[in-house]
Amino acid sequence: MGDALAKTGSLAKKRLPCVNEAANSQSSARLIFSTFASAFAVTDTPSNADDLDLTDPHAARRHKLEEITAKGIDPWGQRFDDRLLVSECRDRIPQIQWQQKDGETIALPDVESEEVDYRQWKADNGPGEEIGPIVRVAGRILLARPTGKLIFMNIRDWTGDIQIFVGKKQVGDENFDLAKLFDLGDLIGVQGRLGRTNTGELTVFAEELILLTKMLEVPPEKHAGMTNQDLRQRMRYADLAFNDGVMQTFLDRTKIIKSIRSTLDDQGFCEVEGPTLHTVPGGAAARPFETHHNALDMKLTMRIALELHLKRLMVGGMERVYELGRVYRNEGLSPRHNPEFTMLETYQAYGNYESMMDLTEKIICDAIEKIGGGFKREYNGTMLDFTPPFQRATYAELFQKATGIDPADEDAVKEYAKGLKLTIDGKHPDVIRNEIFEEKVEDSLQGPIFVTDYPASICPLTKRKKDNPEIAERFEMFICGMELANAYTELNDPDLQEELFKTQLEGQDDEDSMAKMDHDFVRALRYGMPPAGGLGIGIDRLVMVLTNQKSIRDVILFPVLRPE
RNA sequence: GAGAGUGUAGCUCAGUUGGCAGAGCAUUCGACUUUUAAUCGAAUGGUCCUGGGUUCGAGUCCCAGCACUCUCACCA
């Protein structure tokens, strides 16, 4: 072992002019690299090679890194032009054909099918040879099956996996020696013919191998992957690179968000960016994160909602406006809560909560069409049907159905609350009603379902029903017990709004209340905000439901974690 | 913030009544030119989360702490 190292060491000095003919041959890149190689060769490599424990996976990778450098190959790669994505290789499958000796080409049989034995088929249709396009692919090595003078590898780019065939005779000694220095997780480029192996597997038959980047860490277990939740989130890069389906979930998230924007844009909505630093944390009932502005020496809070600034813009005449952005709430974590999360809020002048219901359906159904999978889809083991229109029911109906009591009967409600061991002292009747509702109804709403017409006093930013001031024109949409959307016919009476800000709801602490006085907002309303419908959608939760992920942390790339 | 569970090799996990620390994958060496989580043979690899305690002896029992997961609370 020591001998081998000594040899490669001297080799490095002899072969300083870059011998990596296989790599990209931009001469400037080579020039830069030979400087790199010489710098590396001069820098003393560990001399205690005899002590190196090569069965330590990390040490083995470091050692291969040195051997690669000693060959004059840049282990960190160069620009790699004209490559095809794996998905594009799949598009070229029809170009793989069988050419008989007389020059006639015939299509391959359905090699993917169980019944077809491609090896036998070739014998029956021979003599001849398989032909296919020359392709260049790049990706991360996920699996390797070396069989002597032959190596099968599976590489992955962000569109899929493909098999690589490396034969010693086919690629030549130099390429083959390089391939033997590849480890699982390395990023490589391959040029070769696209074809099929005897077993019918789509394969790039390598003619040229290029190391694009060496991986120095050890990959997770190749079958089980990285299952530890904490590690997955802490090292999202490894989770994305090695765990099946993770990339797809996040690409779907992007598709969903793009789809939401395009649905709204198509209907004439205008996207804006409100401030994330607020002086009054309004628009929702939540504890804010606090921060401090040095030059102004004042307290600022991170926004907990988008609402009040979007409504100011409605006053200004932006008749259809939305923001799709991050809000921050200083509260507990759970599989459904992350301290920062993405919300859509949108407002439509001259609409009401019913226009928002239609819009919600459209937003969700459009997104489903973009990511595919149909309106009937599974979430967490239950089948959900998103075929519009979604189910609708009033708050009172659902309350009555679940509890058997009339929500208008205050005494009966109080008795029921006592039965649930809820504390009712000093609480507003609507607050008690709502606690019962949350306890008995919400969790059981499989949905998607719109719950409409909430008690007015728990909705301080909502317009009351014309014929019943006790009821607010509001809906919430639930799926699997999760609240996904919340919409109002927006309150635009400045005096009533000011009144609602002033009167704290009975039984609610200041910090629990939505009713935080925002004088400028009330002034804005006095300038005249059109009657409007407003809608908020929890984007992370929507993505959870549409991508069938149980935890919000599986749809947020970098959820909040304690430091390592 | 409360309760329950988990923490053992780089990764995934076993570990019996308290009695020498185990497997698979990965890694290293050997064999193999159409493999499919390749296979076969051999080897290497440990702060058993941390700190105390009980004991002749602790991965295992007790106490405290840390981290994660789940449930609940706050909340969307």
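Every chain is numbered from 1, with letters handed out A, B, ... down the list of sequences.
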Check: protein-nucleotides 11-15 of chain B nitrogen or oxygen pairs below 3.5 Å:
unit_1, atom_1, unit_2, atom_2, d
C11(B), O2', E221(A), N, 2.8
C11(B), O2', G225(A), O, 3.3
U12(B), OP1, T227(A), N, 3.4
U12(B), OP1, N228(A), N, 3.2
U12(B), O3', T227(A), OG1, 3.2

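Ranking A67(B), U34(B), A76(B) by closeness to the F165(A) side chain, first place goes to U34(B). Of the candidates U33(B), C72(B), C70(B), the closest approach to any side-chain atom of P335(A) belongs to C70(B).
In this structure, L142(A) places its CG atom 21 Å from P of U35(B), rounding to the nearest Å.
Base pairing analysis places U71(B) opposite A2(B); the two distances defining the Watson-Crick or G-U wobble pair are each below 3.5 Å. Partner assigned to A42(B) is U28(B), using Watson-Crick or G-U wobble distances below 3.5 angstrom. Nucleotide G19(B) forms a Watson-Crick or G-U wobble pair with C56(B), both donor-acceptor distances falling under 3.5 Å.
With sequence neighbours left out, the salt bridge (Lys or Arg N to Asp or Glu O under 4.0 Å) criterion links R326(A) to E340(A). Taking S334(A) as the reference, H337(A) meet the side chain to side chain donor-acceptor pair (under 3.5 Å) condition, with sequence neighbours excluded. Judged as a salt bridge (Lys or Arg N to Asp or Glu O under 4.0 Å), and not counting sequence neighbours, E473(A) has no contacts.
Remark on RNA chain B: of its neighbouring residues D56(A) and K168(A), the 5'-side contact belongs to D56(A), judged by nearest-heavy-atom nucleotide.
The stretch residues 546-553 of chain A touches RNA chain B through R553(A), each having a heavy atom under 4.0 angstrom from the strand. For RNA chain B, the residues of residues 323-332 of chain A within the heavy-atom distance limit of 4.0 Å (strictly under) are R329(A), E331(A), G332(A), sorted by number.
Within 3.5 Å, a donor on the side chain of Q163(A) pairs with an acceptor on the base of U35(B), or the reverse.
Of the side-chain N and O atoms in R541(A), none sit less than 4.0 angstrom from OP1 or OP2 of A76(B).
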